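Worksheet for the structure shown next.
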Amino acid sequence: QVQLVESGGGLVQAGGSLRLSCVNSGRTFSTGTQGWFRQAPGKEREFVAALVGGGTATRYADFVKGRFAISGDNAKDTVYLQLNSLKPEDTAVYYCASDPRGGTRLREYEYMYWGQGTQVTVSP
């Protein structure tokens with residue numbers, strides 16, 4: 001059973017930055033797909049970014065617009081999400097997701113494993 005453990009969330013002022021981390025206990029980090037999703041209060045969970053094959057490709061949601069960056073460390077089985085120029089509307093619980101089958105995955109149902117989530121709160 002793969003376990004994903006996120007960290008790095010917190011409270012930050014608008015315009016600030018945070019770096020989220022997600023450690024993957026599985027053995028397919030470098031060949032699988034790692035994703036980040038978020039869920040704001042009263043809204044559905046939405047795709048943020050994905051890292052394919054340990055970093056051979058990345059995909060982002062349109063709303064990211066160059067503010068966020070996903071990266072991975074294969075040696076540590078860890079995926080990161082750098083959040084820059086944060087806005088109050090970025091406030092949400094951010095979830096790490098993983099799928100060992102690889103490929104571009106932009107939807108919730110395409111991921112087999114999920115972390116517990118980490119809260120990001122951006123104050124005005």
Side-chain angles (χ1 to χ4, degrees):
Q1 181 71 13
V2 173
Q3 291 187 328
L4 307 178
V5 180
E6 301 111 327
S7 61
L11 173 64
V12 64
Q13 289 186 331
S17 298
L18 285 173
R19 188 175 81 156
L20 309 182
S21 301
C22 175
V23 180
N24 187 328
S25 70
R27 298 177 181 270
T28 58
F29 182 87
S30 62
T31 56
T33 301
Q34 321 303 322
W36 286 97
F37 289 73
R38 71 182 188 182
Q39 187 168 20
K43 295 187 177 181
E44 294 186 349
R45 191 152 53 182
E46 62 180 351
F47 170 77
V48 178
L51 184 78
V52 182
T56 58
T58 57
R59 293 289 299 272
Y60 293 95
D62 289 342
F63 65 78
V64 169
K65 295 181 180 179
R67 298 185 299 125
F68 300 171
I70 190 170
S71 62
D73 186 332
N74 292 338
K76 296 181 179 180
D77 291 331
T78 300
V79 61
Y80 304 97
L81 185 67
Q82 179 68 41
L83 309 173
N84 298 321
S85 302
L86 283 163
K87 306 174 182 179
E89 52 263 43
D90 294 318
T91 294
V93 177
Y94 284 71
Y95 295 91
C96 173
S98 178
D99 196 283
R101 296 168 290 183
T104 300
R105 298 177 183 274
L106 310 181
R107 299 173 179 83
E108 285 187 70
Y109 65 81
E110 295 178 313
Y111 287 85
M112 293 179 64
Y113 305 107
W114 290 83
Q116 80 286 355
T118 184
Q119 177 71 47
V120 171
T121 303
V122 185
S123 63

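A quick note: this is a predicted structure, and the numbers were derived from the prediction, not measured.
Hydrophobic side-chain contacts under 4.5 Å tie Trp114 into a cluster, directly or through other members, with Phe37, Phe47, Val93, Tyr95, Leu106, Tyr111. Hydrophobic clustering, defined by side-chain heavy atoms of Ile, Leu, Val, Met, Phe, Trp and Tyr closer than 4.5 Å, groups Met112 together with Val2, Leu4, Tyr113.
Atom CZ of Phe68 and atom OG1 of Thr58 lie 14.5 Å apart (nearest 0.5 Å). If you take OG1 on Thr56 and CG on Leu51, they are separated by 7.5 Å, rounding to the nearest 0.5 Å. Taking CD of Gln82 as the start and CD1 of Ile70 as the end, the distance is 12.0 Å to the nearest 0.5 Å. Of the inter-residue distances, the one linking Asn24 atom CG with Asn74 atom CG reads 10.5 Å to the nearest 0.5 angstrom.
Annotation: salt bridge (Lys or Arg N to Asp or Glu O under 4.0 Å) contacts of Arg101 (sequence neighbours excluded): Asp99. Under the rule for a side-chain hydrogen bond (donor to acceptor under 3.5 Å, both in side chains), Asp73 has no partner lying at least two apart in sequence or in another chain.
None of Leu81, Val64, Leu83 except one satisfies the side-chain contact (heavy atoms from CB on, under 4.5 Å) rule with Trp36; the exception is Leu81.
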Before giving the answer on side chain to side chain contact (heavy atoms under 4.5 Å, CB included), spell out for Gln119 and Thr91 the whole-Å C-alpha distance, their side-chain angles and the decisive distance to 0.1 Å. CA-CA 8 Å; Gln119 177 71 47; Thr91 294; 4.0 Å; yes

For Gln34 and Ser98, run side chain to side chain donor-acceptor pair (under 3.5 Å): C-alpha distance rounded to whole Å, both residues' side-chain angles, the deciding distance at 0.1 Å, then the answer. CA-CA 5 Å; Gln34 321 303 322; Ser98 178; 2.9 Å; yes

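Smallest separation of non-hydrogen atoms from Thr33 and Ala50: CG2-CB, 4.4 Å. In terms of heavy atoms, Tyr60 sits closest to Ala49 at CD2-CB, 3.6 Å. The heavy-atom pair separating Leu86 from Leu18 by the smallest distance is CD1-N, 4.1 Å. Closest approach of Pro124 and Ala14 over heavy atoms only: C-CB, 4.2 Å.
Clustering ILVMFWY residues whenever any of their side-chain heavy atoms sit less than 4.5 angstrom apart, transitively, puts Phe63 in the very cluster that holds Val122.
Within the structure, every pair that satisfies the salt bridge (charged side-chain N to carboxylate O under 4.0 Å, His left out) test and touches residues 53-72, not counting sequence neighbours, is listed here: Arg67-Asp90. Residue pairs meeting the salt bridge (charged side-chain N to carboxylate O under 4.0 Å, His left out) criterion with at least one partner in residues 43-52, sequence neighbours excluded, are Arg38-Glu46, Arg45-Glu108.
When atom types are taken as modelled, the side chain of Glu6 and the backbone of Gln116 share a donor-acceptor pair closer than 3.5 angstrom.
Enclosure of atom CD in Glu89 by more than 12 non-hydrogen atoms of other residues, nucleotides or ligands within 6.0 angstrom is indicated.
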